[in-house]
Amino acid sequence: MDDRSGRSIVILTGAGISKESGLSTFRDADGLWATVRIEDVATPQAFRSNPVRVHDFYNARRRQMADPAVQPNAAHVALARLEAEWPGELLLVTQNIDDLHERAGSHAVLHMHGELLKLRCGHCQVVLEWRGDASVGTPCPSCGHVAGLRPHVVWFGEMPLGMEAIYAALDACDLFISIGTSGAVYPAAGFVEEVRRHGHAHSVELNLEPSLGVSAFDEAIHGPATDIVPAFVERVLTRGW
């Protein structure tokens, strides 16, 4: 690499990067979807039919995030370092709804599936920072209406956030890194194919084990995120890819 300032990086992260911080993944054998049905807590229909149950589910997850034991791990910290030290453009797209990237020091974060620590009002559409519990009876601090606040997360059947910006970054990037993803959830699972269509970017999978889409990547490195992500970041910053 002769001109690093003219080279851009897009990083995609999934539940695998946060698992080592103590947060449950969704699709592991002991993950969240093994204990609760998607249809009951993660669809617009579920919220309409039983908002109390949906609020209870996300209240519990919000309380888990407040546990002092849940902290950014070495992989989160390494990505924050990459953002701080890389002279070109960098976008960190995450499927995770936790705030561990931000707590590690990352700023260029796009939460395509929303954020656990935010609520959205269905009446006035305001998005609010929210760290406590919420219920059907919680009034919106902005418009005062009750029964309108919902978790600011993307449920099954809803469009992920920021897709136009994501595809623009993928089309222009020189390095695409996918970290801790199963390769099972679209549209994120198709990002590597989007990069391949443009033909100029190097694509790398960093994952505990091969994802469903591993064959589409130029390179794959497997192992715990806390080991392989810091090592790869060091490689990128010292000698490129």
Output the distance between atom [atom1] ([X]) and atom [atom2] ([Y]), rounded to the nearest 0.5 Å.
| X | Y | atom1 | atom2 | value |
| --- | --- | --- | --- | --- |
| Asn73 | Leu23 | CG | CG | 9.5 Å |
| Gln95 | Leu110 | CD | CG | 12.0 Å |
| Leu100 | Thr94 | CG | OG1 | 9.0 Å |
| His152 | Glu115 | NE2 | CD | 6.0 Å |
| His113 | Asn96 | NE2 | CG | 9.5 Å |
| Glu83 | Leu92 | CD | CG | 7.5 Å |

Checking [X] now: which residues fulfil side chain to side chain contact (heavy atoms under 4.5 Å, CB included) with it, not counting sequence neighbours?
| X | result |
| --- | --- |
| Leu116 | Tyr58, Arg61, Arg62, Met65, Ile97 |
| Pro187 | Met112, Pro160, Met163, Tyr167, Phe191 |
| Gln45 | Thr43, Arg48 |

Exercise. Under the side chain to side chain donor-acceptor pair (under 3.5 Å) rule, what do Ser135 and Thr138 come out as? Steps first, then yes or no, please.
Key: CA-CA 5 Å; Ser135 70; Thr138 303; 3.2 Å; yes
Are there over 12 heavy-atom neighbours, none belonging to [X], within less than 6.0 Å of that residue's [atom1]?
| X | atom1 | value |
| --- | --- | --- |
| Gln125 | CD | yes |
| His123 | NE2 | yes |
| Arg63 | CZ | yes |

[X]/[Y] ion pair, N-O < 4.0 Å:
| X | Y | result |
| --- | --- | --- |
| Arg235 | Glu219 | yes |
| Arg197 | Asp171 | no |
| Arg53 | Glu39 | no |
| Glu89 | Arg7 | no |

Practice problem: Provide the closest heavy-atom pair for Gly16 versus Ala225 in the form atom of the first, atom of the second, distance. | Solution: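 Heavy atoms only, the tightest pair is O-CB, 4.4 Å.
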Quiz item: Ala169 and Leu91: which non-hydrogen atoms are nearest, and at how many Å?
Solution: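 Reported closest heavy-atom pair: CB-CD2, 3.7 Å.
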Quiz item: For His55, does its backbone N or O pair with a side-chain atom of Asn59 as donor and acceptor, under 3.5 Å?
Solution: yes
Quiz item: Any sub-3.5 Å donor-acceptor pair from Asn207's side-chain atoms to Thr181's backbone N or O?
Solution: yes
Quiz item: Can Arg103 and Asp98 be said to form a side chain to side chain contact (heavy atoms under 4.5 Å, CB included), step by step?
Solution: CA-CA 10 Å; Arg103 285 162 58 186; Asp98 62 61; over 6 Å; no
Quiz prompt | Arg150 NZ/CZ over Trp155 ring centroid, <6.0 Å and within 45° of normal | solution =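 Yes; both conditions hold, so Arg150 lies above the ring face of Trp155.
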[X] and [Y]: side-chain donor and acceptor closer than 3.5 Å?
| X | Y | answer |
| --- | --- | --- |
| His101 | Thr13 | yes |
| Glu205 | Ser178 | no |
| His76 | Glu102 | no |

Exercise. Before giving the answer on side chain to side chain contact (heavy atoms under 4.5 Å, CB included), spell out for Arg81 and Leu237 the whole-Å C-alpha distance, their side-chain angles and the decisive distance to 0.1 Å.
Key: CA-CA 10 Å; Arg81 177 196 172 198; Leu237 289 174; 3.5 Å; yes
Shared ILVMFWY cluster between [X] and [Y], side chains joined below 4.5 angstrom?
| X | Y | value |
| --- | --- | --- |
| Val233 | Ile228 | yes |
| Leu161 | Leu119 | no |
| Ile166 | Val195 | yes |

Practice problem: Check the pair Trp86, Val236 against side chain to side chain contact (heavy atoms under 4.5 Å, CB included), reporting the backbone distance first and the verdict last. | Solution: CA-CA 9 Å; Trp86 185 250; Val236 169; 4.0 Å; yes
Quiz item: For Leu128 and Leu149, what are the C-alpha separation, side-chain angles and deciding distance, and is it a side chain to side chain contact (heavy atoms under 4.5 Å, CB included)?
Solution: CA-CA 9 Å; Leu128 305 156; Leu149 293 176; 3.9 Å; yes
